[in-house]
Amino acid sequence: MVPFLLLLGLVGAAVLASSVKQINEWEVGLKFTLGRLSGRLEPGIRMVLPVVQRFARIDKRIRNRDLPRQVVITRDNVTALIDAVVYFKVVDPQKAVLNVENYELAVKDRAKVVLRDVVGEITLDELLANRDEVAARVRAQVEQFVSQWGLHLELIALQDIQLPSNISDAIARKAIAERDKQVVIIKSQADLESAKNFAEAARVLTAQPGALELRRLEALQGISGSGNTKIVFDLAKPSGGDDRAQAAALAAAMAEDARPAADVRVADEEPGLAEDEPGLAARIRRKA
C-alpha cells in the first residue's frame with residue numbers, strides 16, 4: 001500500500017510540475033482546452049492542465065528578419081540584387097496564432113513579393129536616389145496584409161543594392177563626367193570674374209594718370225635689386241601719352257615681378273627709344 005501511495009504521489013508531483021508555466025514580461029500565453037481557445041495567460045506563474053490543455057507562448061518584442069539577395073527587375077529592365085531587413089512585432093496574439101500558420105514566414109514572403117512589385121514600377125535611377133521612399137512604399141503595402149494577422153510592421157530597410165558590373169561601370173563614368181563638368185563650369189566662372197576685375201582695374205588706371213604713375217613706381221620698386229637681368233626704362237618722356245602703350249609697358253614690367261632679382265637702369269636718351277610708342281617704353285636685355 002505504501003509503495004502505491006508513494007508512486008501516486010510522485011505521479012501527482014510530476015503532473016503538477018508540468019502544469020506550472022512561467023510567462024515572462026515580454027510574452028503572452030494562449031491556453032487551449034481540448035483544441036478550443038479558453039483564455040489568455042498574462043506574465044507570471046500560470047497553471048495549464050496536461051493532456052487536456054495546450055499552451056502557446058507568443059513573444060511581443062520587435063523582431064528583425066533578413067530578406068537576403070532578392071532578385072528584382074526595374075522598370076528600365078535592369079536586374080539588381082537587394083538585401084533588405086524587416087522589423088515587425090505581434091500586437092494581437094490571438095490573430096497571430098489563429099489566422100496564419102507561421103506568421104514569421106508569412107511576413108517575409110509577403111515582403112519579398114511587394115518588394116519586387118514596387119521596384120518593378122520605378123527606374124534604376126529612382127531606386128538608387130530614393131531608397132528610403134521605396135522602402136516606405138514597401139512597408140505601407142505589406143502592412144495592409146500583416147495587420148490582418150495581428151502583426152505590425154515597424155520598418156523595412158534596404159541594406160544593400162548590388163548591380164551588374166557593366167551597369168556599375170557606366171554609373172561610375174557618369175559620375176566622373178558630372179564632376180569634370182562642374183570643374184569646367186567653376187573654372188570658367190572664376191576666369192570671368194577675374195576678367196571683370198582686370199577690366200575694372202584698367203578702367204580706373206586709365207581714368208587717373210596719377211594712379212598709373214604710382215603703379216609704375218611700385219613695379220620699379222618690386223623689381224629693383226641685384227641680378228643678371230637688366231631692364232631699361234625711358235623716363236624722359238611725359239606720362240601723358242598713349243594709355244594703351246603705357247599699359248603694355250606696365251604689364252611687361254609687372255611680369256618681371258616673379259623673377260628673383262633685377263637690375264634697373266634709367267636712360268634719358270638712347271638710340272632707338274625715340275621710335276617707341278609714346279609713354280613708358282621698356283627694353284629688356286637678358287644675360288645668360
Side-chain angles (χ1 to χ4, degrees), residues 68-85 115-116 118-139 155-208 211-212 214-225 227-229 231 242-262 280 282 284 286 288:
R69 295 295 177 91
Q70 300 303 307
V71 181
V72 297
I73 301 177
T74 61
R75 191 177 65 186
D76 48 353
N77 296 323
V78 177
T79 302
L81 298 177
I82 298 180
D83 291 332
V85 61
L115 178 61
R116 295 190 183 99
V118 172
V119 174
E121 297 174 356
I122 60 178
T123 62
L124 178 62
D125 292 339
E126 294 172 343
L127 174 62
L128 297 177
N130 305 310
R131 296 173 59 174
D132 293 339
E133 296 181 5
V134 173
R137 289 179 56 185
V138 175
R139 192 207 69 83
L155 175 68
I156 291 183
L158 305 183
Q159 293 179 316
D160 186 27
I161 300 177
Q162 299 182 7
L163 303 175
S165 59
N166 57 341
I167 300 297
S168 300
D169 295 340
I171 294 176
R173 290 195 299 269
K174 178 181 178 182
I176 294 174
E178 288 292 336
R179 293 179 184 272
D180 294 340
K181 174 183 175 182
Q182 292 297 325
V183 170
V184 173
I185 292 176
I186 293 174
K187 186 178 183 300
S188 63
Q189 291 176 349
D191 293 340
L192 178 61
E193 293 295 329
S194 177
K196 290 180 179 179
N197 292 335
F198 278 123
E200 180 65 19
R203 185 187 66 81
V204 173
L205 290 175
T206 54
Q208 301 292 334
L212 183 63
L214 291 176
R215 188 68 182 90
R216 181 177 64 171
L217 294 176
E218 181 182 358
L220 290 175
Q221 182 180 5
I223 63 178
S224 63
N228 296 328
T229 301
I231 302 175
D242 190 358
D243 292 337
R244 288 182 295 180
Q246 292 182 7
L250 179 60
M254 292 175 62
E256 296 296 330
D257 288 351
R259 306 191 65 83
L280 182 63
I284 302 176
R286 303 185 184 277

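Because only heavy atoms are used, hydrogens play no part in the values below, and waters and symmetry mates are left out as well, while side chains stay in. One-based numbering along the sequence shown.
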Taking all atoms of both residues into account, what is the closest heavy-atom pair of L158 and A135, and its distance? CG-CB, 4.2 Å

Is there a side-chain contact (heavy atoms from CB on, under 4.5 Å) between V78 and I73? Walk through the geometry before answering. CA-CA 5 Å; V78 177; I73 301 177; over 6 Å; no

Go through the structure and list residues passing salt bridge (Lys or Arg N to Asp or Glu O under 4.0 Å) with D160, not counting sequence neighbours. none

Is it true that a side-chain atom of E126 and a backbone atom of T123 form a donor plus acceptor pair closer than 3.5 Å? yes

Rounded distance [0.5 Å steps], CD1 in I82 versus CD in Q70: 8.5 Å

Between CD on residue E178 and NZ on residue K174, distance to nearest 0.5 Å: 6.5 Å

How long is the straight-line distance from CZ of R131 back to CD1 of I161, given to the nearest 0.5 Å? 4.5 Å

Given side chain to side chain donor-acceptor pair (under 3.5 Å), test D76 with T74 step by step and report yes or no. CA-CA 5 Å; D76 48 353; T74 61; 2.4 Å; yes

L192 CG to Q189 CD distance, which is reported to the nearest 0.5 Å: 8.0 Å

Under 4.5 Å between any side-chain heavy atoms of V119 and L127, yes or no? yes

Please round to the nearest 0.5 Å and tell me the distance separating atom CG of D132 and atom CZ of R139. 13.0 Å

Closest heavy-atom pair and its distance - R116, V71: NE-O, 3.5 Å

The reported gap from OG1 in T79 to CG in L124 (rounded to nearest 0.5 angstrom) is 10.5 Å

Using the side-chain contact (heavy atoms from CB on, under 4.5 Å) rule, take L128 and L163 through it: C-alpha gap first, then chi angles, then the decisive distance, then the call. CA-CA 10 Å; L128 297 177; L163 303 175; 4.1 Å; yes

Please check this pair: side chain of S194 against backbone of A190, looking for a donor-acceptor N/O pair closer than 3.5 Å. no

